[in-house]
Amino acid sequence: MSMHEITLIVNGKPQKLTVKSNELLLNVLRDKLFLTGAKYGCGIAECSACTVLKGDRSIMSCLVPAVAADGWEITTPEGLVVDGELNAVQEELVNKGAIQCGFCTPGMAMTGTACVRENPDADEAFVRDYMRGNYCRCTGYQAIVEAILAACEDAKNGKRV
Amino acid sequence: MGEINTKFVEHEYDYVKPASLDEALDILAEKKEKAKIYAGGTDLLVHLKMGKGGDMEVMLDINGIDELFGVTKSEDSVRIGGAEKIWVLETNPVINELYPALAKAMSLMASVSVRNMASIAGNFCNASPVADTVGPCMCYCGKVELKSKERGVRYVDATEFFVGPGRTVIEPDEILTAIILPIPKENTGDSFTKISRVRPDIAKISLTCVVTRDGDKVDTCRIAMGTVAPTPKYFDEISEALNGKKMTKELIADTADALEAAIKPRKKSRSSTPEYKKAMTHLMAIENLEAAWKASGGELA
Ligand SMILES: Cc1cc2nc3c(=O)[nH]c(=O)nc-3n(C[C@H](O)[C@H](O)[C@H](O)COP(=O)(O)OP(=O)(O)OC[C@H]3O[C@@H](n4cnc5c(N)ncnc54)[C@H](O)[C@@H]3O)c2cc1C
Ligand code: FES
Ligand code: FES
């Protein structure tokens with residue numbers, strides 16, 4: 001099994017790491033960089049709890065070999081917070097009461113952020129379609145959709161997403 | 001069932017990321033079936049986590065090879081780089097203009113995050129009967145471009161690419177470098193629909209139809225379906241029976257009958273019965289034939 005020196009740019013900071021070829025990005029983020037925002041849910045790309053951003057696009061870190069992410073710019077849920085301030089999507093998830101147990105919330109914040117960045121003019125149908133891979137066992141989704149739509153408005157009013 | 005822990009990949013292997021196609025083909029020529037190509041990993045990593053890595057010794061990451069990416073339009077065809085991501089393709093203006101059924105099929109796949117990772121070649125090479133990009137490519141007379149060190153390049157019709165579930169004509173030393181789609185003739189229309197349990201799920205059944213119109217007659221018609229046979233399936237005889245005929249509601253109904261009779265779904269697959277699949281095939285055939293005909297500019301009495 002091969003070992004690799006890689007550099008991940010995580011939340012804007014380059015991180016030099018040595019990883020085994022079969023290590024997964026999610027586990028490296030959680031266990032080596034102690035960024036536990038991204039969650040392990042299903043492990044097979046079906047729930048989106050492990051979502052992170054590569055650039056502005058959402059990906060599932062449970063299915064990415066860490067070595068394949070060498071050089072990528074990754075944002076984790078922690079990285080959406082700047083100087084102690086939540087981004088618009090995170091804040092609206094709180095405002096709208098879109099969090100119950102909270103396990104899906106980091107993934108919702110990540111995919112939701114990608115959604116608002118891609119299309120701040122999104123309507124409800126667009127948001128529901130965009131978020132279709134993010135599973136929540138608690139809320140029934142309504143409040144989550146409302147939060148993302150509210151974040152779209154915030155984004156248009158100049159709030160950081 | 002044995003315990004499967006999808007938190008880790010237990011399978012051990014070496015990882016390589018060649019920067020050129022030649023380098024990648026060299027590795028494949030040497031390692032053959034011991035090397036497995038990693039494109040988006042949305043099938044491969046799931047297999048590895050499920051303990052189905054077989055005798056894989058090397059993971060060959062093809063994402064560093066520029067010529068496997070991009071969409072290029074020439075006079076008579078469009079070339080789609082094999083490793084190109086589904087989301088890039090589904091939003092590509094050329095694909096949306098010339099092959100809307102393919103763009104639609106891709107936008108209905110999985111979830112946005114899977115589509116940000118997954119490639120079109122991976123969808124073909126995984127060779128699931130479900131594979132959503134395949135039906136449209138079959139109906140647009142697509143060809144698969146395969147390259148190897150020993151034998152150079154060869155082209156295979158999309159309709160000839162699949163041999164069985166998970167099996168294709170691709171040799172262990174080959175890379176699927178591109179999908180080539182001819183530019184459709186004027187007055188061509190298409191349609192794709194898919195039924196799944198919930199939106200991000202894979203298809204219970206899917207149907208693509210591409211029709212080229214000659215006045216009120218069908219010039220050519222091509223129909224393909226997913227999840228009704230061990231591989232995605234193009235219905236050559238049923239499709240070609242329409243060629244040269246005047247398009248009518250009766251012709252469409254006859255075609256739907258023929259398709260319903262022709263499919264041989266497994267006894268139980270993805271929680272839908274053969275009866276269900278037959279009934280849906282009939283409905284979807286009518287829906288898509290009508291839609292494709294209208295999209296080609298045709299009218300239906
Ligand atoms: C949650 C989830 C939902 C999904 N939903 C759908 C769906 O709705 N519809 C659908 O069709 N699919 C679906 N899939 C399956 C999968 O996402 C697609 O098949 C995808 O296109 C695979 O592409 P990839 O780049 O990720 O392939 P990989 O996993 O990288 O590769 C798949 C296989 O093809 C081989 N391969 C890859 N590229 C090449 C190449 N260039 N040359 C030769 N061999 C190659 C690999 O070695 C491997 O055996 C889903 C998967 C998941 C996890
Ligand atoms: S843990 Fe990655 S999608 Fe569920
Ligand atoms: S809040 Fe519990 S899973 Fe969504």
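Side chains included, hydrogens not; waters and symmetry mates left out as well; all remaining heavy atoms used. We name chains A, B, ... by the order of the sequence lines, and we start the count at 1 in each one. Computed from a predicted structure; not experimentally measured.
Between chain A and the residues B:N5, B:V9, B:D61, the most heavy-atom pairs under 4.5 angstrom are made by B:V9. Of the listed residues (A:G133, A:C115, A:P65), the greatest number of heavy-atom pairs within a distance under 4.5 Å of chain B belongs to A:P65. Listed options B:V112, B:V114, B:L44, B:V58 were ranked by heavy-atom pairs under 4.5 angstrom with chain A; first place goes to B:V112. When the candidates A:I59, A:L26, A:T51 are compared by the number of heavy-atom contacts under 4.5 Å with chain B, A:I59 comes out ahead. Each of A:S48, A:G43, A:S58 has some count of heavy-atom pairs under 4.5 Å with chain B, and the biggest count is that of A:S58.
Using modelled atom types, one finds a donor on one side chain and an acceptor on the other under 3.5 Å when comparing B:T177 with B:E145. A donor-acceptor contact closer than 3.5 angstrom is absent between the side chains of B:T208 and B:N288. B:N123 and B:T133 share a side-chain donor-acceptor pair at under 3.5 Å. The closest side-chain donor-acceptor pair between B:D201 and B:S196, if any, does not fall under 3.5 angstrom. Counted by atom type alone, A:E5 and A:T18 present one or more donor-acceptor pairs between their side chains at under 3.5 Å.
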* Asked: Are A:T113 and A:N87 close enough, and set up right, to give a side chain to side chain donor-acceptor pair (under 3.5 Å), and what steps lead you there?
  -> CA-CA 9 Å; A:T113 295; A:N87 89 348; 3.2 Å; yes
* Asked: Hey, mind stepping through A:S2 and B:Y13 against side chain to side chain donor-acceptor pair (under 3.5 Å) and telling me if it holds?
  -> CA-CA 7 Å; A:S2 51; B:Y13 53 83; over 6 Å; no
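Only the side chain of A:N27 comes within less than 4.5 Å of a heavy atom of chain B; its backbone N, CA, C and O stay farther away. Looking at B:K49, the atoms closer than 4.5 Å to chain A (heavy atoms on both sides) all sit in the side chain, from C-beta outward. With a threshold of 4.5 angstrom between heavy atoms, A:Y40 approaches chain B through side-chain atoms but not through N, CA, C or O. Contact annotation for A:L24: only side-chain heavy atoms (C-beta onward) come within less than 4.5 Å of a heavy atom of chain B. For chain B, no part of A:C50 is nearby; none of its heavy atoms comes within less than 4.5 Å. For a residue to count as touching a neighbouring chain, one of its non-hydrogen atoms must lie under 4.5 Å from one of that chain's; by this rule A:D129 touches chain B with the side chain only. With a 4.5 Å cut-off on non-hydrogen atoms, B:E57 does not touch chain A at all.
Counting heavy atoms of neighbouring residues, nucleotides and ligands inside a 6.0 Å radius, atom NZ of A:K156 exceeds 12 of them.
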